Amino acid sequence: MPADSPSDTDTRAGDPSPGVNPRVPERPTLDGLERKWSTAWERDGVYRFDRSAPRERVFSIDTPPPTVSGSLHVGHVFSFTHTDTVARFQRMRGREVFYPMGWDDNGLPTERRVQNHFGVRCDPSIAYDPAFTPPEVASEKEPVAVSRPNFVELCLALTETDERAFEELWRALGLSVDWSMTYTTIGRLAQTISQRSFLGLLARGQAYQLEAPTLWDVDFQTAVAQAELEDRERPGAMHRVRFAAVDGGPDALIETTRPELIAACVAVLAHPDDERQRALVDGEVLTPLFGTRVPVMTHPLVEPDKGTGLVMVCTFGDLTDVTWWRELGLPVRSVLGSDGRMVEVPWGAPGWETEDPERARTSYGELSGRTINQARRRVVELLQESGDLVGAPEPVTRAVKFFEKGDRPVEIVTSRQWFIHTLEHREELIARGRELRWHPEYMRARYEDWVQGLTGDWCISRQRFFGVPFPVWYPIGADGAILYEQPIPAEEARLPVDPSTDVPDGFLPEQRGQPGGFAGDPDVMDTWATSSLTPQIVGRSGEDAELFAKVFPMDLRPQAHDIIRTWLFSTILRSQLDDGVLPWRDAAISGWVLDPDRKKMSKSKGNVVTPMHLLEEYGADAVRYWAAGGRPGTDTAFDPQQMKVGRRLAVKLLNASKFALADLPTPAPRLAHPLDRALLGRLTGVVAAATSSFEAYDYARALERTETFFWWYCDFYLELVKGRRYDPDPAVASAVSRALGISLSVFQRLFAPFLPFVCEEVWGWWQEGSVHRAPWPAAEELEEAHGGEQEAMQDTALAVTADVLREVRKAKSEARRPMRAPVELVIVEDTPERLQALELGRDDLLQAGSIGALEGRPVEDFAVEVKLAGEAAG
RNA sequence: GGGCGCGUAGCUCAGUGGGAGAGCGCUCGCUUCACACGCGAGAGGUCGCAGGUUCGAAACCCGCCGCGCCCACCA
């Protein structure tokens, strides 16, 4: 139904046709509406994106793809509802809404789930077995080793099941997604686009490979990125350790929580201004137990107030060590293996020189092969025995960096990884962040803080299996060495490729791994390296130029605040590097769902309260009502009570619609009654408020304004007009019908983004087509409420009539009489102006209050005297 | 340590210069012809604390206290 012609106003407002309305049920109910209407919407393609629409009419949404491993929880329901209300609003405003759904199935969470579910582990050295079936009984203790292609097949099988369940939930919740455009982050399209973007970065020198100290998870045995770290408080102990003097100089005392890394010590540092350390600086000291000579140097990052003012630098205990190592040009002595155990080291060999090779070998022999914690305990014992530990270890609690999905602290291990240049783009990225319109505005600070605090380029390679492979191979020299410096990129036409099974042009399969042959890059991309391209994936960048031009840059990125540093940041980076643009105009940031005790909703709780249960118990509209009450960026308590309130609102809308639409008198051509005109005048203000709130992504305010006015409408306006509604004079009844029709039509559309099921139901009682494709209410529809010299007085009439009705009700309530109890006389004291206005609503008031007589007395202050029939005045 | 947000009725929250509000919960009443998944009424608050600006502050400014989140070089 197009909104562009003013002459449409009358039909759009929904003039009912006369007579009893057979479409209104005897007893309206919410039960079954989800199934009924989600089926109908799919059948009729109500939310299908029409790509023939011109760019300026398109509203494109870059939906967050939920992680498929595990389950959707109420937090997802919460934030996806927010986006859906905006999508529905924009659709009703006449925009063609591009709203696809994606599933993030790629990555570690899926791998971990597949390992547990099937009892397998991936061994890339095994050949593919086409006949493989997973073990009948999954054993976590003794997993079956499977090839990488088999492992990936299992991942795909499991995620497909999950994705079906997720889609079912979203449909039940009523998300107005175009399900024909669904994508997955492991799918062929996402792989192609990720690989193509990577090859572009490589060709432009924006991606590079480097062997360097890298953040490393020793359990998953993969590199991780700075953005994936989180701090956790862990107990530890501070050890004061003596480093012996060389050549008669003084001993050095350092403090450390990681004594197991003494063997990896490459220097001892002091602050340049620290007078106490003057005698040591520029000299050398010996590491205890191992007798390695290490220089004593200075660096401004050393804090003289901490510990003894001296700190040992190890390769590598933390990120500060990396800084010191790099800036002071120190050597590398690595003792930690990629599996988190101490490796063998060649004491006495170059790089491992020692004053006492025998002692070093004996001491280190106690540590070699042990885990970090075992080695730490043993080294403390050795230091105690040798007398190099000063005092007892002092228990401390300190923040330790963990991979957010990991169980042990991250270590820093030297390895070969792919990076994307990030640091050199910092200023552009901040500028893009300032271009972006944030909702709420203050979320921009989180982004800027993050960009300012970046310490390195983005490491995008992961030593894992279920992800997008790097589309490159390497030649192998005649001596069998892999020539990493000469990567062979895949031809673009071949994408997506898997270099572990595909063969580069100009080689034969038999040459894999052979001298003179080739080797595939063994790694996969960080899951964010794919997710950061969601605008390009949904817009089919490079596959469908026409579509991409229509939807990109996108209008809206909705997401929660916890992934600003990952998803939002990396998406801006990739768009900047690939297209030199900001990927969206607006970002709407959702809060979290909190337990009633204000803590972040816990996993266990989230699993008990599954979203499907909530939808079944309260109904989708009710759950959406609760969610829509959470303002942008604000954390919101999980509150079933609010869902009950939402359900009541939906029921109210059913019943109010039944009252207005159950039978349909001949509609009057114009509004005549002052109260009717005043009502529509107020509704004009509500429409304006809801519209401007929605335009600013404040769906919660739009709902609140609409809801508040709707309850007032039911409690006062509907009660006031009941007499005229049932008036035997058809002219009177039809005039009310017109006002009810216009107002109901507006309410049904104002609520449609929030309560899509019940609104579609009541719309279907009297209108053609879906309410979700009906035009958003506009002021022009209500213009007959305005104009004329009586406009101000009409509104006063409505106000004073309602005020008096309230007083009459109060009197009856205090007298413990029913509301229909007759009233002999009502005396209203009020200003002459208000009394004059009251005359306009007199007839409705007398009827609604069962009032026999009404008198006015002009005075300054408002007061009402109510004389119930058969009683003294109250 | 730095940054951001929050602190209003028992609970969840709205309110950004001029009457302290809503819903839930609670109490009382009402089978009223759209609705008992209802209707009507009522009780309940030093707007975290202390100062300042102003004729006037819940709101604006300064400081403090408390809660939450993000970030930071884990010695």
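In what follows, chains carry the letters A, B, and so on, assigned in the order in which the sequence lines appear, proteins first and then strands, with residues in each chain numbered from 1. Being a predicted model, the structure only gives us computed values, none of them experimental.
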In Watson-Crick or G-U wobble terms, with both distances under 3.5 Å, the base opposite B:rU46 is none
Determine the interatomic distance between C1' on B:rG51 and the same-named atom on B:rC13; round to the nearest Å. 29 Å
For the CD atom on A:E233, are there more than 12 heavy atoms of other groups (residues, nucleotides or ligands in this structure) within a distance under 6.0 Å? yes
Nucleotide opposite B:rA20 in a Watson-Crick or G-U pair, distances under 3.5 Å: none
Can you list the residues that meet the ring-ring contact (aromatic ring centres under 6.0 Å, His included) rule with A:H239, with sequence neighbours excluded? none
Expressed in whole Å, how much space separates the C1' atoms belonging to B:rG2 and B:rA57? 31 Å
Does A:R258 reach a base, just sugar-phosphate, or nothing at all? Heavy atoms under 4.0 Å. nothing
Identify whether any heavy atom of A:R234 sits under 4.0 Å from a base atom; if not, whether one sits that close to sugar-phosphate; answer base, sugar-phosphate or nothing. nothing
Distance between P atoms of B:rG42 and B:rC47 (Å, rounded): 23 Å
On the nucleotide B:rA34, are OP1 or OP2 found under 4.0 Å from the side-chain N or O atoms that A:R27 carries? no
Assign A:R647 to base, sugar-phosphate, or nothing according to its heavy-atom contacts below 4.0 angstrom with the strands shown. base
Take atom C1' in B:rA59 and the same atom in B:rC26, then report the distance between them in whole Å. 30 Å
Has the side chain of A:R444 got a donor or acceptor atom that lies under 3.5 Å from a matching backbone atom of A:L436? yes
A:P288 to A:D388 - nearest heavy-atom pair and separation: CB-OD2, 3.5 Å
Within the 4.0 Å heavy-atom criterion, would you say A:E719 contacts the bases, only the backbone, or no part of the nucleic acid? base
5' to 3', nucleotides 17-22 of chain B under a 4.0 Å protein heavy-atom cut-off (B base, S sugar-phosphate only, - none) gives ------
Looking across every strand, which nucleic acid part, if any, lies under 4.0 Å from A:V645 by heavy atom: base, sugar-phosphate, or nothing? sugar-phosphate
Whole-Å distance between B:rC35 P and A:L661 CG? 14 Å
From the candidates B:rC28, B:rC30, B:rC74, the one with an atom nearest any side-chain atom of A:P818 is B:rC30
I need the CG-C1' distance between A:N655 and B:rC39, as an integer number of Å. 13 Å
Take the protein atom NE2 of A:H561 and the nucleotide atom C1' of B:rC6, then report the distance between them rounded to whole Å. 12 Å
Can A:R258 and A:E411 be counted as an ion pair, charged N to O under 4.0 angstrom? yes
So, OP1 or OP2 of B:rC24: does either fall under 4.0 Å of a side-chain N or O from A:K644? no
Does A:R446 qualify as a cation-pi partner of A:W438, given the criterion of NZ or CZ under 6.0 Å from the six-membered ring centre and within 45 degrees of its axis? no
Checking A:Y699 now: which residues fulfil ring-ring contact (aromatic ring centres under 6.0 Å, His included) with it, not counting sequence neighbours? A:H82
Indicate, with a heavy-atom threshold strictly under 4.0 Å, whether A:D321 touches base, sugar-phosphate, or nothing. nothing
Whole-Å distance, A:E404 CD to B:rC71 C1', equals 15 Å
Considering every strand and a 4.0 Å limit on heavy-atom distances, what is the contact class for A:M238: base, sugar-phosphate, or nothing? sugar-phosphate
Pick base, sugar-phosphate or nothing for A:E233, based on heavy-atom distances below 4.0 Å to the nucleic acid. nothing
Scan A:K658 against the nucleic acid and name what it touches under 4.0 Å (heavy atoms): base, sugar-phosphate only, or nothing. sugar-phosphate
Using a heavy-atom cut-off of under 4.0 Å over every strand shown, decide if A:E303 touches base, sugar-phosphate, or nothing. base
Please measure how far the C1' atom in B:rG48 lies from the corresponding atom in B:rG68, and state the result in whole Å. 15 Å
Base paired to B:rC4 (Watson-Crick or G-U; both N/O distances under 3.5 angstrom): B:rG68
Under 4.0 Å between a side-chain N/O of A:K812 and OP1 or OP2 of B:rC30, yes or no? no
Checking all strands, does A:T320 fall into the base, sugar-phosphate, or nothing category for heavy-atom contacts under 4.0 angstrom? sugar-phosphate
Say we look at B:rU12 and B:rG25: how far apart would their C1' atoms be, to the nearest angstrom? 11 Å
Under a 3.5 Å cut-off for both distances, is B:rA41 Watson-Crick or wobble paired, and to whom? B:rU27
My understanding is that only one of A:R724, A:R725, A:R738 makes a salt bridge (Lys or Arg N to Asp or Glu O under 4.0 Å) with A:D676; could you say which? A:R724
Side-chain donor/acceptor of A:K652 to base of B:rC35, under 3.5 Å: yes
Please give the distance between the P atoms of B:rA72 and B:rC64 as a whole number of Å. 25 Å
Would you classify A:V302 as touching base, sugar-phosphate or nothing, given that sugar-phosphate means primed atoms plus P, OP1 and OP2, and contacts are heavy atoms under 4.0 Å? base
Between B:rC28 (C1') and A:R817 (CZ): distance, integer Å: 17 Å
Would you indicate, yes or no, if B:rC73 has its OP1 or OP2 atom less than 4.0 angstrom from a side-chain nitrogen or oxygen of A:K401? yes
Nucleotide B:rU12, atom P - distance to CD of A:Q641 in whole Å: 13 Å
A cation-pi test, strictly: NZ or CZ of A:R682 under 6.0 Å from the centre of the six-membered ring of A:F709 and no more than 45 degrees from its axis. Yes or no? no
As a test of reading the structure: which of B:rA72, B:rA34, B:rC30 is closest to the side chain of A:W450, going by heavy atoms? B:rA72
Out of B:rA41, B:rA34, B:rA14, minimum distance to the side chain of A:K810 belongs to B:rA41
What's the shortest heavy-atom distance between A:E404 and A:R565, and which atoms? OE1-NH2, 4.0 Å
If you only use heavy atoms from C-beta on, which nucleotide in B:rC73, B:rU12, B:rG15 is closest to the side chain of A:T455? B:rC73
Does a donor on one side chain sit under 3.5 Å from an acceptor on the other, for A:Q748 and A:W765? no
Round to the nearest Å and state the distance from A:M819 atom CE to B:rC35 atom P. 17 Å
Can you check whether A:R820 has a side-chain N or O nearer than 4.0 Å to OP1 or OP2 of B:rU32? yes
Assert: residue with more 5' nearest nucleotide on RNA chain B, out of A:V311 and A:T29, is A:T29
Rounded distance (Å) that lies between atom C1' of B:rC70 and atom CH2 of A:W592: 9 Å
Should A:F751 and A:V758 count as side-chain neighbours, where that means a heavy-atom distance under 4.5 Å? no
For the C1' atoms, the ones on B:rC71 and on B:rA14, what distance do you get once it is rounded to whole angstrom? 31 Å
Is the shortest side-chain N/O distance from A:R446 to OP1 or OP2 of B:rC69 below 4.0 Å? no
